[in-house]
**Student:** 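If you scroll down you'll find the structure; I have some questions about it.
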Amino acid sequence: MAKQTKKFKTETKKLLDMMINSIYTHKEIFLRELVSNASDAIDKRHYLSLTNTNIPNADYEIKVEFDKDNRTITITDNGVGMTLEELENNLGTIAKSGSKEFLEAVEKENTPDVDIIGQFGVGFYSAFMVAKTVVVETKSVTDNTSHKFTSEGLESYTVEDSDYNEYGSKITLYLRDNTEDNNYDEFLDEYKIKDLVKKYSDYVRYPIKTWVTKYDPKSDDDKDSEPKTHLELETINSMLPIWKKNKSEVTDEELNNFYKNKFMDYQDPFATINVNVEGMLTYNALLFIPKKPFYDFYGDRNEKGLQLYTKGVFILDKCKELIPDYLRFVKGLVDSADLPLNISREMLQEDKAIKKIAVNVEKKILAELSRILKNDREKYEQFFKDYGLNLKFGIYENYGEKKDSLKDLIILKRYTEDKLVTFNEYVEKMKEDQKYIYYAIGKDKDSVDKLPQMDLIKSKGYDVLILSDDVDEFMLHAIKDYNEKEFKSVNQDDLGLIDEEEAKKIDELKEEKKDFLKEFKEALPNVKDVTLSKKLVDSPCCITADGGLSFEMERVLKAQNQDVKADRILELNPNHKLFTKLEALANVDKDEFKKLANILYVEALLQEGILPDDPKAFNDSITELLLK
Ligand code: ADP
């Protein structure tokens, strides 16, 4: 066959233009793409050899070589090769969907975004990012013919017969001339090639070989002379990734070393989770929880995500679709046989396989944490100190969803003992007559102990969860109840603590003191209501929040610049001396009553850690009182 010149299709030409003019900095991915094509080609030959006796199998390998003098890089595989028709169909037109999508994305964006190339597997054409001429010599195992394809990536390419006599394909890249910004010679380097193969193609199933410099042993005579070297063809990739090995064949030490090397930690991980799933969806996941949060964990630049591989080929460093926000501290990777190499970021978001894997990854992590909680409480509590906040946010952020397995992983301080407690442990130890799970806001037992609202709860001997993180109460609101026991803040007006008869008595008294309570409320413009308390024993009064918003939530939201205010209810203890005193005063000296009512209100606020709206007025009335 005489040499033929053919024009590229319009689409292909566009893509080539993009590659040639690309200012993308990760031009090195060309090697990943070509090696991956080579590996696919070997897969195909191997498959054919199993089904067709005319097609021989072989010792499969991929060779990456370079020639400094001619400035070429060659990638050779002994895979299926291509027939003339295949050469034209596969390389003369855009065959793959990834490239098409890539073009569409670029057109949508109008200008080629620098980063956009990296998000797509752009296959064969990525060679033109580094090469001015690409030559493909190939011999097909299906029809035994050899052909040569040559292109400068411009308007056209040529195809012709060739005497290439090895099954498979040999792709030669003639590197572009160096420019001020781009030194293509960097690829003509043994170490660079080794590096790139390790980085992107370490787990390709076939050996990837390159020429490696070896030092000759020195004889006694030439001790002082320059060391002599020779080149040896050596396999660079490890082929079988640690996560693909049978679990029983991998030691903890191997896993720990792998983790430390790969994720640059100096400590062994807190936990390692090895997942192998085969079936409709086949994948492996290797997940690690670092012993301590990484130094940039709370920084803005910290991106969550797991590394994504498909069939051992590295695709993406941080695939955020694989891990929920609240587990952002988990490091690791997923390798699936069911994802295309050219999967784009947009596709990842929609990809059903990715979604399924993510659900399972989350499940496995929670199951492992639950196992540690059960078997090694001390270790778990240490973990919770470092990462507990994330789990709490997980519950809050997934309002109404996913709460079940997560809520059992929460541990909180408790009032009756200096120990952390799960919801389940709390409920198991509830007194028989206890209806609710009580909680109070405070940094520790002492601060909660001082709350007047605790009077009756203490007298009943009930336990109280102590919430000390900002997110805690929001989290409980999201959970709503545990084992059908509702959560109740000690700040809520009705704690359900007194029996019906007593409650009725107080309600009757409330009716009786209606006018006095009304007067009290009028004296306090910032209060929604003044009522008689059903929970105070020794204290004269307390303040509670009405409706869904608590004082703690008010504080947290205010800190986020939200203008909110919880409704304040002042509860009075009708059995307290002060109550009788104020009632008497209201009848004789309205002004004095008003002043004292306000002091009492501020007292109740301060008890809650809330500053008075008008501190100056409060100070003035205290001074006046002192002067009396
Ligand atoms: P993709 O590999 O994603 O399909 P490419 O643009 O990289 O897209 O390659 C297009 C096609 O060219 C491949 O699908 C394959 O059929 C063929 N091809 C590329 N490289 C080789 C090779 N080394 N051996 C055999 N066929 C190849």
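One-based numbering, in listed order, for ligands and for the atoms of each.
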**Student:** Under 4.0 Å, heavy atoms only, figure out whether ligand 1 is touched by the backbone of L91, its side chain, both or neither.
**Tutor:** side chain
**Student:** Report the C-alpha distance between F187 and F30 in whole Å, list the side-chain angles of each, state the deciding distance to 0.1 Å, and finish with yes or no for ring pair (Phe, Tyr, Trp, His ring centres under 6.0 Å).
**Tutor:** CA-CA 11 Å; F187 298 114; F30 80 91; 5.3 Å; yes
**Student:** Atom 7 (O) of ligand 1: which of N37, V35, L15 has the nearest heavy atom?
**Tutor:** N37
**Student:** Can you name the nearest heavy-atom pair linking V141 to I55, along with the distance?
**Tutor:** O-CG1, 3.8 Å
**Student:** Could you check whether the rings of H46 and Y60 sit parallel, tilted or perpendicular, using 30° and 60° as the cut-offs?
**Tutor:** perpendicular
**Student:** Filter on salt bridge (charged side-chain N to carboxylate O under 4.0 Å, His left out), then keep only pairs touching residues 145-168, sequence neighbours left out; what's left?
**Tutor:** K13-E155
**Student:** Does E33 have a non-hydrogen atom less than 4.0 Å from ligand 1?
**Tutor:** no
**Student:** I want to know if ligand 1 touches I171 in the polar sense, i.e. an N/O pair below 3.5 angstrom.
**Tutor:** no
**Student:** If we ignore angles and hydrogens, is there a donor and acceptor under 3.5 Å between the side chains of E190 and T213?
**Tutor:** yes
**Student:** Run the contact test for K44 against ligand 1 with a 4.0 Å cut-off on heavy atoms, strictly below, and give the result.
**Tutor:** yes
**Student:** Judging by distance only, is a nitrogen or oxygen of D40 under 3.5 angstrom from one on ligand 1?
**Tutor:** no
